[in-house]
Amino acid sequence: MFYLSKIEHTLRLPPHLLDRDLDQAIKGELENLFVDKVIAKLGLCVSVYDITNISGGFIFPGDGASTFTAEFRLIMFRPFVGEILSGEVEESDANGLRLSLGFFKDIMLPVHLLPNPSKFADGRWTWDYGGVELPIEKEEEIRFRVHSINYPPIPVEQEKDAKPFAPMVITASIDYDGLGPTSWWV
């Protein structure tokens, strides 16, 4: 679920930060650049783990800032396909469910990956298990399996009423034993 990724990046360090310890100043700038952002194929950056090398310190003509090249490791959130996670039901509609881990909310559970037979009525999904209807309530804890992870291309234009762009989308599944709301299995 969490990985260390080694990255090299050239960054500009503004002059007002040069009075600080160089490691701390660069770490702060790296956190501003990377934390809470998705890097395609790597995942969501959670934190700067450490800085392994800093080189440079060049000042380009006409610019008062120093430019450094830093090698560092980031803690990345990227679950693997087939991993079982526990989250919360965020939304429910006729297309399926949207789930949340608290820090990550772009988890979609489409209709075809719900247990069969399931039906949508009165704004919620229910699973008919041998004549007993088991509901999936909003804000309920739910266990799910990661079905796929997608990094859609950044749109050039977005419609005015469109949903915000999600740079990483996890598709979930609950059509296996032991998955679904924890209230089903307790």
Side-chain angles (χ1 to χ4, degrees), residues 1-91 96-110 113 141-173:
M1 176 180 333
F2 293 98
Y3 296 90
L4 281 178
S5 293
K6 189 173 185 177
I7 297 187
E8 181 178 279
H9 185 73
T10 301
L11 72 149
R12 182 180 179 274
L13 195 62
H16 71 277
L17 296 176
L18 293 176
D19 64 338
R20 296 185 187 164
D21 177 51
L22 185 60
D23 286 349
Q24 292 304 314
I26 288 179
K27 185 174 183 179
E29 286 298 297
L30 291 173
E31 287 173 344
N32 289 339
L33 286 170
F34 291 101
V35 173
D36 290 336
K37 295 182 179 71
V38 172
I39 300 172
K41 308 295 182 206
L42 291 180
L44 173 70
C45 179
V46 177
S47 177
V48 175
Y49 183 72
D50 65 0
I51 299 173
T52 56
N53 187 27
I54 299 171
S55 60
F58 303 108
I59 300 174
F60 292 105
D63 188 7
S66 297
T67 302
F68 293 92
T69 299
E71 290 179 18
F72 53 96
R73 294 186 293 178
L74 298 174
I75 299 173
M76 306 297 289
F77 166 72
R78 185 185 70 233
F80 58 85
V81 173
E83 183 171 5
I84 307 294
L85 299 174
S86 184
E88 186 176 280
V89 177
E90 191 82 10
E91 280 181 23
L97 302 169
R98 188 167 68 88
L99 311 176
S100 169
L101 294 174
F103 65 93
F104 186 78
K105 297 180 188 238
D106 293 317
I107 304 167
M108 306 303 168
L109 195 139
L113 295 174
E141 184 180 354
I142 188 168
R143 278 195 201 105
F144 60 92
R145 176 175 295 194
V146 175
H147 183 73
S148 66
I149 302 168
N150 297 315
Y151 299 92
I154 298 171
V156 177
E157 287 186 22
Q158 198 165 355
E159 293 179 22
K160 192 173 187 177
D161 298 335
K163 289 183 182 179
F165 173 70
M168 180 170 91
V169 178
I170 297 173
T171 303
S173 167

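Counting from 1, the numbers follow the sequence of the chain as shown.
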Minimal non-hydrogen separation, [X] against [Y], with atom names:
{"X": "S47", "Y": "V35", "answer": "CA-CG2, 4.0 Å"}
{"X": "L17", "Y": "A25", "answer": "O-CB, 3.7 Å"}
{"X": "K105", "Y": "R98", "answer": "O-NH1, 3.1 Å"}
{"X": "T69", "Y": "E8", "answer": "CG2-CG, 3.7 Å"}
{"X": "L101", "Y": "S86", "answer": "CD2-O, 3.4 Å"}
{"X": "S5", "Y": "L42", "answer": "OG-CD2, 3.8 Å"}

Begin with the C-alpha distance, continue with both residues' side-chain angles, and end with the deciding distance and a verdict on side chain to side chain contact (heavy atoms under 4.5 Å, CB included) for L74 and I39. CA-CA 11 Å; L74 298 174; I39 300 172; 4.1 Å; yes
Would you confirm whether N150, through its side chain, and P152, through its main-chain N or O, come within 3.5 Å as a donor-acceptor pair?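 Not at all, since once roles are kept as given, no pair shorter than 3.5 Å links the two residues.
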Sidechain-backbone polar pair: S100 side chain, E88 backbone, donor-acceptor under 3.5 Å: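 Not a single qualifying donor-acceptor pair exists.
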Parallel, tilted or perpendicular: rings of F34 and F72 (30°, 60°):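 Answer is tilted, since the angle falls between 30° and 60°.
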F77 and F2 aromatic ring geometry - parallel, tilted or perpendicular at 30°/60° bounds: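 The arrangement is tilted - the two ring planes meet at 30° to 60°.
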Assess whether atom CG of L4 is packed by more than 12 heavy atoms of other residues, nucleotides or ligands within 6.0 Å.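 Counting other residues, nucleotides and ligands, CG of L4 exceeds 12 neighbours.
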Determine, stepwise, if the pair I7 / L30 fulfils side chain to side chain contact (heavy atoms under 4.5 Å, CB included). CA-CA 11 Å; I7 297 187; L30 291 173; over 6 Å; no
If I take atom [atom1] from residue [X] and atom [atom2] from residue [Y], how far apart are they, to the nearest 0.5 angstrom?
{"X": "I59", "Y": "L18", "atom1": "CD1", "atom2": "CG", "result": "7.5 Å"}
{"X": "D50", "Y": "K27", "atom1": "CG", "atom2": "NZ", "result": "8.0 Å"}
{"X": "D36", "Y": "E31", "atom1": "CG", "atom2": "CD", "result": "10.5 Å"}
{"X": "L13", "Y": "E29", "atom1": "CG", "atom2": "CD", "result": "6.0 Å"}
{"X": "K37", "Y": "M168", "atom1": "NZ", "atom2": "CE", "result": "14.5 Å"}
{"X": "E83", "Y": "R145", "atom1": "CD", "atom2": "CZ", "result": "11.0 Å"}

Taking C-beta and beyond as the side chain, do L97 and F144 meet within less than 4.5 Å on heavy atoms?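 Heavy-atom side-chain distance check fails, nothing below 4.5 Å.
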Applying side chain to side chain contact (heavy atoms under 4.5 Å, CB included) to V169 and I149, what does each step give before you reach the verdict? CA-CA 6 Å; V169 178; I149 302 168; over 6 Å; no
Strictly by ring pair (Phe, Tyr, Trp, His ring centres under 6.0 Å), give each pair with a member in residues 36-64 just once, sequence neighbours left out.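 Pairs touching residues 36-64 that pass the test: none.
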Could you check L85 against L99 for side chain to side chain contact (heavy atoms under 4.5 Å, CB included), going step by step and ending with a plain yes or no? CA-CA 11 Å; L85 299 174; L99 311 176; over 6 Å; no
